[in-house]
Amino acid sequence: MGALCTLVDAALFIFFLFIAIIAPLIDGQTCLPPHLFPPFLVELKSWYAQEYGDYLVSEKPRFFVGIVWLELLFQWPLAVASVYGIAAGKSWLSTTCLMYGASTLTSMVAILVELSLSNRASDQLLMMYYPFLGFALLAMLRGLLTNSGKSTTIGKRPALQRKKRA
């Protein structure tokens with residue numbers, strides 16, 4: 001079980017690091033004025049919307065803007081905390097993973113239902129969103145796993161240091 005938990009933590013570390021960087025720089029453009037972002041990031045987002053036919057990104061329906069605000073104000077801080085929690089082997093990592101997973105799963109279900117029922121989404125676009133659903137489930141499972149009192153770390157320091165009583 002320890003090796004599986006370490007593998008899950010490594011995958012989630014990469015995912016949370018990706019989210020910690022991408023969410024404010026790319027997704028933030030959905031609800032913040034474009035002049036706050038460098039032109040190359042605005043062009044990158046426009047290219048993505050055209051290349052994948054992501055009408056949610058280009059048209060910005062209100063429900064989608066609300067989900068992006070949720071991502072920026074709630075999920076993004078949890079992703080940043082989870083990066084730290086995995087690297088430092090913090091005992092509260094399960095809590096942040098469970099909170100992030102449940103919130104992201106809810107958001108992804110709403111987005112995927114819209115994409116599927118609209119008949120406007122290509123398979124290529126759906127394949128861009130499905131991994132987020134998978135990582136949300138993985139984060140929730142990580143949050144529900146018990147780690148037998150030991151936290152795994154990616155860094156060099158041990159996660160739980162017990163003081164010896166003399």
Side-chain angles (χ1 to χ4, degrees), residues 4-32 34 36-38 40-88 90 92-145 147 152 154:
L4 178 63
C5 196
T6 302
L7 182 64
V8 168
D9 281 353
L12 286 175
F13 180 82
I14 293 167
F15 173 73
F16 286 136
L17 187 60
F18 174 78
I19 293 300
I21 295 167
I22 296 300
L25 297 177
I26 302 297
D27 295 342
Q29 294 178 45
T30 301
C31 48
L32 297 171
L36 296 176
F37 301 94
F40 77 93
L41 288 177
V42 175
E43 291 170 14
L44 177 65
K45 187 167 183 176
S46 295
W47 170 84
Y48 161 78
Q50 286 181 338
E51 182 71 21
Y52 291 91
D54 195 338
Y55 68 92
L56 295 176
V57 169
S58 58
E59 295 175 11
K60 299 179 186 180
R62 290 183 181 163
F63 90 94
F64 185 70
V65 173
I67 287 174
V68 172
W69 274 114
L70 172 70
E71 179 183 10
L72 293 174
L73 298 176
F74 183 71
Q75 295 170 357
W76 181 75
L78 287 173
V80 172
S82 293
V83 166
Y84 172 71
I86 292 170
K90 296 296 183 180
W92 43 258
L93 176 64
S94 293
T95 304
T96 59
C97 283
L98 187 58
M99 291 168 59
Y100 181 90
S103 178
T104 302
L105 179 69
T106 304
S107 298
M108 292 315 304
V109 166
I111 290 170
L112 288 168
V113 165
E114 163 63 28
L115 291 173
S116 298
L117 296 180
S118 72
N119 293 324
R120 295 173 63 187
S122 65
D123 289 341
Q124 184 182 23
L125 178 59
L126 290 171
M127 293 308 293
M128 288 298 294
Y129 281 96
Y130 278 126
F132 293 97
L133 181 69
F135 276 106
L137 289 169
L138 188 63
M140 284 182 62
L141 289 174
R142 173 59 178 92
L144 295 172
L145 289 176
N147 211 5
T152 58
I154 290 180

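One-based numbering along the sequence shown. Given the structure is predicted, the values throughout are model-derived calculations rather than measurements.
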Practice problem: Using the six-membered ring wherever Trp is involved, compare the ring planes of Phe135 and Phe15 and label them parallel, tilted or perpendicular (cut-offs 30° and 60°). | Solution: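 The arrangement is parallel - the two ring planes meet at less than 30°.
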State, with a plain yes or no, whether a side-chain heavy atom of [X] is found less than 4.5 Å away from one of [Y].
X: Leu141; Y: Val8; result: no
X: Phe64; Y: Val57; result: yes
X: Pro61; Y: Glu114; result: no
X: Leu78; Y: Phe16; result: no
X: Tyr100; Y: Ile19; result: yes
X: Ser116; Y: Leu126; result: yes
X: Glu51; Y: Met128; result: no
X: Leu32; Y: Trp69; result: yes

So which atom in [X] and which in [Y] form the shortest heavy-atom distance, rounded to 0.1 Å?
X: Leu115; Y: Ala121; value: O-CB, 3.5 Å
X: Ala20; Y: Trp76; value: O-NE1, 2.8 Å
X: Gly101; Y: Met140; value: C-CG, 3.3 Å
X: Gln29; Y: Leu41; value: NE2-O, 3.2 Å
X: Arg142; Y: Leu93; value: NH2-CD2, 3.4 Å
X: Ala87; Y: Phe13; value: CB-CE1, 4.1 Å

Nearest 0.5 Å, what's the [atom1]-[atom2] distance between [X] and [Y]?
X: Leu12; Y: Leu138; atom1: CG; atom2: CG; result: 4.5 Å
X: Tyr55; Y: Ser122; atom1: OH; atom2: OG; result: 10.5 Å
X: Ile14; Y: Asp9; atom1: CD1; atom2: CG; result: 11.5 Å
X: Leu145; Y: Leu4; atom1: CG; atom2: CG; result: 7.0 Å
X: Ser118; Y: Leu125; atom1: OG; atom2: CG; result: 8.5 Å
X: Ser107; Y: Leu112; atom1: OG; atom2: CG; result: 10.5 Å

Exercise. Please say which of Thr106, Thr104, Leu105 ends up in a side chain to side chain contact (heavy atoms under 4.5 Å, CB included) with Met108.
Key: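 Only one option passes, and that is Thr104.
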Quiz item: So does Phe132 have more than 12 non-hydrogen atoms from other groups sitting under 6.0 Å from CZ?
Solution: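 Open.
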Self-check item: Side chain Ser82, main chain Gly85, donor-acceptor under 3.5 Å
Solution: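 No, because the side chain of Ser82 does not come within donor-acceptor range (under 3.5 Å) of the backbone of Gly85.
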Practice problem: Show the numbers, then the answer: is there a side chain to side chain contact (heavy atoms under 4.5 Å, CB included) between Thr30 and Lys45? | Solution: CA-CA 10 Å; Thr30 301; Lys45 187 167 183 176; 2.5 Å; yes
